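As the structure is a computational prediction, the values presented were derived from the model and not from experiment. Chain identifiers are assigned alphabetically (A, B, ...) following the order of the sequence lines, protein sequences preceding nucleic acid strands; residue numbering begins at 1 within each chain.
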2 protein chains.
Amino acid sequence: MYSISEVSRLTDTSAHTIRYYEKEGLLFPDRTASGVRQYDDKHIDWLRFVLRLRATHMPIDQIRQYVALFRASSDDHDTTLDRLALLEQHQTLVRAQLAELQLTEQMITEKISSYHRLHPSIPGKQPSQSR
Amino acid sequence: MYSISEVSRLTDTSAHTIRYYEKEGLLFPDRTASGVRQYDDKHIDWLRFVLRLRATHMPIDQIRQYVALFRASSDDHDTTLDRLALLEQHQTLVRAQLAELQLTEQMITEKISSYHRLHPSIPGKQPSQSR
DNA sequence: GCTTGACTTAGAGTTCACTCGAAGGAGTAG
DNA sequence: CTACTCCTTCGAGTGAACTCTAAGTCAAGC
């Protein structure tokens, strides 16, 4: 089991943020008798997944819904479909972001090499000489 | 020449935001005698480039610096190197975002197909039957 | 000449996701 | 026992990027 400061180090996330995520309903660590948060490997894995979702701009609100669906799932109420829907929705967004980034990467690369063409004397990263 | 509302339509950006970008020093349209903004195709192209940079999380502040360098450029003060540095810096960021997105896309796709494995009866986007 | 609708400005308000601060409690080392 | 560190909560503050409001100006059509 890990303390919040260990989780903070392991995931490179401030303790403040980890508590904030808990308050927002994204994370449910165990507690000691005295109320201290205790995290196991599964909690860490989940947090890492959440951080990935955030890094790809899934809103906290939607992640909360996803978590809530997990916790609402029971024998007579299966939430798999709803969770799937949320995942697929985010997948679509991620792919859109990928497309946008790829286009922009090309534009920037193009602009950079046009600068090099106009100013052949410029130092710095030249189109790699190797190979 | 285009009015702000035409630019708004052409770039799918609110007139508010376009004026805001101008206030932030990202955009310098012409003005009529009475002070009405007038945009030409070059302005539109530049705005589209700015929107790309924004969509890939280049801060407005940095875009402003980039624009300012253009306008500061003169015969005895060439700013090409500084502009190149800004572009290369953003290129690095874009590539990092690409890597993150690709990883996350894989994770989500994996999770989605594991849902499908567990619930083979689920409707919706199945791993495409075509081809 | 007057109405209409798009335009102008400065500045205030909103949203999101943190980020921090203050005040205090629990467990451990000396 | 005392000092120290890490933990707790609640609530306020921050920063970026919009987003909107209010009050007013201007040009075109009737």
### Message
C:dC7, OP1 or OP2 - any side-chain N/O from B:Arg37 closer than 4.0 Å?
### Response
no
### Task
Compute whether any side-chain donor of one residue and acceptor of the other, for A:Thr56 and B:Glu100, lie under 3.5 angstrom apart.
no
### Query
Would you say D:dC7 has OP1 or OP2 under 4.0 Å from some side-chain N or O of A:Ser5?
yes
### Task
Return the value, rounded to whole Å, for the distance between atom CD of B:Gln62 and atom P of D:dA16.
12 Å
### Query
In whole Å, what is the span from the CG atom of A:Asp61 to the P atom of C:dA17?
8 Å
### Message
Taking 4.0 Å as the cut-off, does a side-chain nitrogen or oxygen of A:Arg19 come that near to OP1 or OP2 on D:dT9?
### Response
no
### Task
Could you tell me whether the phosphate oxygens of D:dT9, OP1 or OP2, come under 4.0 Å of any side-chain nitrogen or oxygen in A:Arg31?
yes
### Query
Distance check: side-chain N/O of A:Ser3 vs OP1/OP2 of D:dC7, anything under 4.0 Å?
yes
### Task
Using the test ring-ring contact (aromatic ring centres under 6.0 Å, His included), find all partners of A:Tyr66 that sit at least two apart in sequence or belong to another chain.
A:Phe70
### Message
From CG of A:Leu53 over to P of C:dC16, roughly how many Å is that when rounded to an integer?
### Response
18 Å
### Check: B:Glu6 side chain, B:Ser3 main-chain N or O, donor-acceptor pair, under 3.5 Å
yes
## Note on the structure
Of the listed D:dC18, C:dA17, C:dT19, the closest approach to the A:Arg54 side chain comes from C:dA17
### Query
How long is the line joining OH of B:Tyr20 and C1' of C:dG13, in whole Å?
14 Å
### Protein-nucleotide distance (A:Gln38, atom CD; D:dC6, atom C1'), rounded to Å
13 Å
### Task
Among C:dC7, D:dC7, C:dC18, find the nucleotide with the atom closest to the side chain of A:Thr17.
C:dC18
### Message
Assess, by modelled atom type and distance only, whether the side chains of B:His90 and B:Gln62 contain a donor and an acceptor separated by less than 3.5 Å.
### Response
no
### Side-chain-base donor-acceptor pair under 3.5 Å for B:His16 and D:dC20
yes
### Distance in angstrom units between A:Asp30 CG and D:dC7 P, rounded
16 Å
### Heavy-atom pair of closest approach, residues A:Arg54 and A:Pro59
NH1-CA, 4.1 Å
### Query
In whole angstrom, what separates B:Tyr39's OH from C:dA6's C1'?
13 Å
### Task
Please figure out whether B:Tyr21 or A:Glu22 has its closest DNA chain D nucleotide nearer the 5' end.
A:Glu22
### Task
Provide, to the nearest angstrom, the distance between the NZ atom belonging to B:Lys23 and the P atom belonging to C:dT8.
14 Å
